[in-house]
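Here is how names work: the chains are called A, B, and so on, in the same order as the sequence lines, proteins then strands, and each is numbered from 1. Keep in mind that the numbers below use all heavy atoms, side chains included, and drop hydrogens, waters and symmetry copies.
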Amino acid sequence: MMIEPFLESATPVWMHVEDDYSDIVISTRIRLARNLDGYRFPLVFSEDEALQVEQAVTHAIQDSSKLLERYSYFAIKDLTPLQRQILVEKHLISPQLAKKELVGSMLLSEDESISIMVNEEDHLRIQCMTASFQLQKAYEQANKIDRALEGALPYAFRDNFGYLTSCPTNIGTGLRASVMMHLPVLTLTGQMNQIINAMTRLGMTVRGIYGEGSENLGNVYQVSNQITLGKTEDDILADIQSVAEKIIQKERQARGKLMDKAELALEDRIYRALGTLTHARILTSEEAATCLSNVRLGVDLKLIDGIKAATLNECIVCMQPGFLQHYAGEALPPSERDRVRAKMLREALFQETLSKPTIGGKGEDSYDV
Amino acid sequence: MICEHCKQRNATVTVTQVQNSQKMEHHYCDVCASQFHPFHAEFKQEPVSIQQLLSNWFGSPTWQQKVGEKQQAPPQQQTCTYCGFTYKRFLKEGKFGCPSCYDTFAEHLPKLFNRIQAGPQHIGKMPGAHSNVYVVKKQIEDIRKRMKDAVDEEQFEEAAKLRDEAKELENQLQFEGGDVS
Ligand SMILES: [Zn+2]
Ligand SMILES: [Zn+2]
């Protein structure tokens, strides 16, 4: 199986959905951590054990008639560093799995909404993604796969501790539910601190989408549960659901207030961002992320029309180093990346902004003083 | 980026704090982050090593508290027969070596899970095969309770009936490979 098709587009088809939540929620992800009894965890296992685990898992997946999806198999060691990086940027594999030289592999469904990581931190990590805010749908998908595999694989499970995992932070249900949200106005108005504090107290975590050290770059946050033991799956999902709903509500209120109080200033900020994206010749990832966030807000608030949210989602993924180099067709030093990033974003957005009467459209008429 | 508290794991949680109108960002790993409720209480403390952190979760080892009960090996000295992990190694890595570690160190874990999780007991879903065993175990537990009540009320005939019921279920469990204890 070739990896190339999976690297071609920044966002898979399943991402291109617009519903009641897509002004704020980008995607939902469910992950189940599972291990096989009788094998040491990947932290310390032998290469031989790794191979046995991998064979057991891949056979179980390929043999299971209950799994309707077809899965493509990739050994991490067979992928180039750039290919791995792109898979990480697309959130199809974790950075940790990308580093596995010998033993890691992944199974990927055709539409990329399901990826099964083998021998990452745990023997098995089932990951299901949906566009927008669909915790239940994503969980049902993951649960179906889990149910199909449990008959064929000797899961490490104890009545008291539940599904056993390498790290005690995943024990019990092994369930991590994450909702990725774009929260520009809560960030702008400084309310995120408060929210993050409150969420931490509720046993939730918040992190950024561009990986370590860039936590709120582009104002995109990932909210996920921290607690995996002592609650049922339904409780965990309900907790995340209600917390995410509250955050969505708060962001919408904040957006409404900002529009009432400072529409012109907001519109100015949004159009400056659009101007930068469509005309700049050098763009650092920080500036690009900020501008994309502003333009996205403009689209969500209907201050800009003609640009699709899907295009922006695509840009958010594409502007990362791995994709840029894939786009350029060569390895690029960091300075060159800024140039290529500007070029890529210009090309992606210029067409859409030119073909529709967006610039000078609503803006000038409504603010004629 | 490394967790600024334990300085060992990757930082995955960012906490933004505003103090005297100054914005400060702190980066913690999952493990440390789940420890801090709320965060700001912890800043002033010196960063501690992960060993200390884990030891702190446990407080004094349970074997010291159980005076008069059967002597247990101190957790530090217990070794998982399957993977060779010692408790000390677990404290160092923050991770277990294999599923059997959970059995080896079972009695020291509830305390840890009370701290970093919502409790020490799994109440979520279980693999199909287990759910059967689990249901039967619950039934046996229930019958034993009723048996005790019957004995207390001197209804010995009823108690004998319940005892036979429990036995039958236990046999069934053993047949299915479940652990009766
Ligand atoms: Zn830490
Ligand atoms: Zn072990």
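For the atom pair NZ (K125(B)) and CG (L175(A)), the distance works out to 9.5 Å, reported to the nearest 0.5 Å. Between atom CG of residue L109(B) and atom CZ of residue R158(A) there is a gap of 11.5 Å, rounded to the nearest 0.5 Å. If you take CG on N35(A) and CZ on F96(B), they are separated by 12.5 Å, rounding to the nearest 0.5 Å. Atoms CG and SG, from L43(A) and C83(B) in turn, are 9.5 Å apart once rounded to the nearest 0.5 Å. To the nearest 0.5 Å, atom OG1 of residue T228(A) and atom CD1 of residue I116(B) are 7.5 Å apart. Distance check, rounded to the nearest 0.5 Å: SG of C98(B) to CG of D37(A) gives 8.5 Å.
In terms of modelled atom types and a separation under 3.5 Å, the side chain of Q121(B) and the main chain of D159(A) share a donor-acceptor contact. Y82(B) contributes a side-chain N or O that, together with a main-chain N or O of G38(A), makes up a donor-acceptor pair within less than 3.5 Å.
Counting non-hydrogen atoms of other residues, nucleotides and ligands closer than 6.0 Å to CD of E168(B) gives a total of 12 or fewer.
The side-chain heavy atoms of Q117(B) and K231(A), taken from C-beta on, include no pair separated by under 4.5 Å. Inter-residue side-chain proximity for H122(B) and T173(A) is flagged as met; some heavy-atom pair is nearer than 4.5 Å. You'll find the side chain of F90(B) reaches within 4.5 Å of the side chain of P168(A), heavy atoms only.
If you measure heavy-atom distances from L229(A) to chain B, the contacts under 4.5 Å come from both the backbone and the side chain. Proximity to chain B is absent for every atom of N225(A), based on heavy atoms less than 4.5 angstrom apart. Residue D103(B) touches chain A through its side chain alone, counting heavy-atom pairs closer than 4.5 Å. Both the backbone and the side chain of N143(A) come within contact range of chain B, each with at least one heavy atom under 4.5 Å from a heavy atom of that chain. The contact between Y39(A) and chain B is made entirely by backbone atoms, counting heavy-atom distances below 4.5 Å.
Interface summary for chain B: among F45(A), Y163(A), F41(A), the most heavy-atom pairs under 4.5 angstrom belong to F41(A). Ranked by non-hydrogen atom pairs under 4.5 Å with chain B, the options A198(A), S166(A), G172(A), G151(A) are led by S166(A).
G97(B) approaches V44(A) most closely through the heavy-atom pair O-CG2, 3.4 Å. Annotation for L164(A) and P99(B): closest pair CD1-O, 3.5 Å, computed over non-hydrogen atoms.
Ring geometry for F161(A) against Y102(B) counts as tilted: the plane angle lies between 30° and 60°, on a 0 to 90° scale.
Taking the ring pair (Phe, Tyr, Trp, His ring centres under 6.0 Å) definition, one finds that Y139(A) meets it with nothing, sequence neighbours left out.
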